[in-house]
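Worksheet for the structure shown next.
Sequence positions, counted from 1, serve as the residue numbers for this chain. The shown structure was predicted, so the numbers you read here are calculated from the model rather than taken from an experiment.
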Amino acid sequence: MKEDRFVPPQGAFTRTVPIRFSHCDPAGIVYFPHYFDMFNGLIEDWYTEQLGVDYSKLILNDRYGFPFVHIETDFKRPSRMGEHLDLTLLLMKIGMSSLSVVIVGHLAGVERLRARLVTAMVSLETQQKIELPHVLRDKFANYLKRTGQAQC
């Protein structure tokens with residue numbers, strides 16, 4: 001199997017996730033739905049730690065939600081219990097009410113998975129999409145400028 005190499009762009013937000021027993025199937029390999037929980041955790045940390053926007057306050061106080069409206073993932077190599085997988089968040093596109101994100105899972109420079117996902121900003125009161133506020137749009141644009149546009 002050809003190994004896809006991955007080096008995160010300078011300044012890209014990366015988190016190391018320990019692969020735990022609770023993430024795995026009986027073969028000791030990450031059960032794919034658990035990756036989606038890891039992706040959401042990475043996005044929450046990115047908002048709070050990288051962008052300086054408290055994700056929990058956006059949800060609980062401001063009543064905004066950011067559901068996944070599209071996810072497409074290529075699983076290239078399995079990840080196993082006891083490993084520490086690096087997840088890197090990159091941006092592809094900033095829409096009017098959506099954000100297109102690429103998350104790359106990698107270990108020791110070898111790409112394990114690549115997810116392309118879209119989150120939409122919605123009002124938790126009306127359950128309708130709403131336009132991204134300028135303060136968020138500017139933070140997203142600055143991150144995109146710093147790290148470059150993600151490749152699918």
Side-chain angles (χ1 to χ4, degrees), residues 4 6-25 29-79 81 83-107 111-152:
D4 292 314
F6 178 77
V7 177
Q10 185 73 24
F13 187 73
T14 300
R15 272 287 168 265
T16 301
V17 177
I19 303 301
R20 302 180 188 282
F21 173 79
S22 62
H23 295 135
C24 296
D25 63 17
I29 297 170
V30 174
Y31 181 51
F32 71 92
H34 290 292
Y35 281 119
F36 301 133
D37 187 47
M38 292 177 201
F39 298 163
N40 196 73
L42 179 70
I43 290 170
E44 286 183 40
D45 291 346
W46 176 68
Y47 269 84
T48 302
E49 298 172 27
Q50 181 76 43
L51 302 179
V53 176
D54 188 324
Y55 191 84
S56 66
K57 287 183 180 176
L58 288 172
I59 304 285
L60 299 173
N61 297 358
D62 300 335
R63 306 293 295 148
Y64 296 135
F66 302 91
F68 294 145
V69 296
H70 178 81
I71 298 178
E72 183 179 324
T73 306
D74 295 316
F75 299 99
K76 300 177 179 191
R77 294 177 96 48
S79 294
M81 186 171 55
E83 294 180 330
H84 289 80
L85 184 67
D86 293 322
L87 296 175
T88 297
L89 187 148
L90 304 168
L91 297 181
M92 282 189 351
K93 180 182 170 191
I94 304 164
M96 291 305 293
S97 61
S98 65
L99 189 62
S100 297
V101 176
V102 171
I103 295 175
V104 181
H106 51 103
L107 181 64
E111 189 170 315
R112 297 277 181 98
L113 64 92
R114 181 173 291 252
R116 289 158 300 284
L117 53 96
V118 178
T119 65
M121 186 171 192
V122 299
S123 163
L124 294 177
E125 303 304 327
T126 66
Q127 300 296 305
Q128 298 295 311
K129 69 180 180 178
I130 56 175
E131 191 172 320
L132 293 167
H134 290 292
V135 67
L136 281 181
R137 182 178 300 285
D138 291 345
K139 289 177 183 286
F140 297 157
N142 288 336
Y143 184 79
L144 181 61
K145 184 177 180 182
R146 241 183 6 263
T147 60
Q149 184 175 20
Q151 302 303 307
C152 291

For this session: Please check if the side chain of Glu131 supplies one atom and the backbone of Ser97 the other of a donor-acceptor pair under 3.5 Å.
Result: no
Exercise. Which atoms form the tightest heavy-atom contact between Arg112 and Ser79, and what is the distance?
Worked result: NH1-OG, 3.2 Å
Problem set entry | Least distance between heavy atoms, Thr88 atom then Ala12 atom | CG2-CB, 3.7 Å
Exercise. Once you round to the nearest 0.5 Å, how far does CG of Asp138 lie from CG of Leu132?
Worked result: 11.0 Å
For this session: Taking all heavy atoms of Met38 and all of Leu87, pick out the closest pair and write down the distance.
Result: CB-CD1, 3.9 Å
Problem set entry | Beyond-backbone contact of Arg114 with His106, side-chain heavy atoms, under 4.5 angstrom | no
Exercise. How far apart are the C-alpha atoms of Phe66 and Met121, what are their side-chain angles, what is the distance that settles it, and do they pass the side-chain contact (heavy atoms from CB on, under 4.5 Å) test?
Worked result: CA-CA 5 Å; Phe66 302 91; Met121 186 171 192; 3.7 Å; yes
For this session: Supply the atom-to-atom distance Phe140 CZ to Tyr47 OH, rounded to the nearest 0.5 angstrom.
Result: 3.5 Å
Exercise. Out of curiosity, Leu144 CG to Arg137 CZ, how far, rounded to the nearest 0.5 Å?
Worked result: 12.0 Å
Exercise. Is the CZ atom of Arg20 crowded by more than 12 outside heavy atoms at less than 6.0 Å?
Worked result: no
Exercise. Which pair of non-hydrogen atoms, one from Ala141 and one from Ile94, has the smallest distance, and what is that distance?
Worked result: N-CD1, 3.5 Å
Problem set entry | Stepwise side-chain contact (heavy atoms from CB on, under 4.5 Å) test for Ile43 and Leu117 | CA-CA 11 Å; Ile43 290 170; Leu117 53 96; 3.9 Å; yes
For this session: Inspect the surroundings of CD in Glu125 and state if more than 12 heavy atoms from other residues, nucleotides or ligands are less than 6.0 Å away.
Result: yes
For this session: Step through the shown structure and confirm whether more than 12 heavy atoms of other residues, nucleotides or ligands are within 6.0 Å of CZ on Phe36.
Result: yes
Problem set entry | Spacing of Met81 atom CE and Asp25 atom CG [to the nearest 0.5 Å] | 10.0 Å
Problem set entry | Asp54 CG to Glu44 CD distance, which is reported to the nearest 0.5 Å | 10.0 Å
For this session: For residues Leu91 and Val101, report the shortest heavy-atom separation together with the two atoms involved.
Result: CD2-CG2, 3.9 Å
Exercise. Parallel, tilted or perpendicular for Tyr35 and Phe39, by the 30°/60° rule?
Worked result: parallel
Exercise. Which word best sums up how the rings of Trp46 and Tyr143 line up, parallel for under 30°, tilted for 30 to 60°, or perpendicular for over 60°?
Worked result: perpendicular
Seminar exercise, completed: By salt bridge (charged side-chain N to carboxylate O under 4.0 Å, His left out), Arg116 pairs with (sequence neighbours left out) Glu72, Asp74
Problem set entry | Member of Val135, Leu136, Thr48, Asp62 meeting the side chain to side chain contact (heavy atoms under 4.5 Å, CB included) criterion with Val53 | Leu136
Problem set entry | side-chain contact (heavy atoms from CB on, under 4.5 Å) between Phe13 and Thr147, worked out | CA-CA 9 Å; Phe13 187 73; Thr147 60; over 6 Å; no
Problem set entry | NZ on Lys93 to OG on Ser98, rounded to 0.5 Å | 6.0 Å
For this session: Mark yes when over 12 heavy atoms from residues, nucleotides or ligands other than Gln127 sit less than 6.0 Å from its CD; otherwise mark no.
Result: yes
For this session: Have a look at Lys57 and tell me which of Ile59, Leu60, Asn61 forms a side chain to side chain contact (heavy atoms under 4.5 Å, CB included) with it.
Result: Asn61
For this session: Work out which heavy atom in Val122 is nearest to a heavy atom in Lys129; give both atom names and the distance.
Result: CG1-CA, 3.9 Å
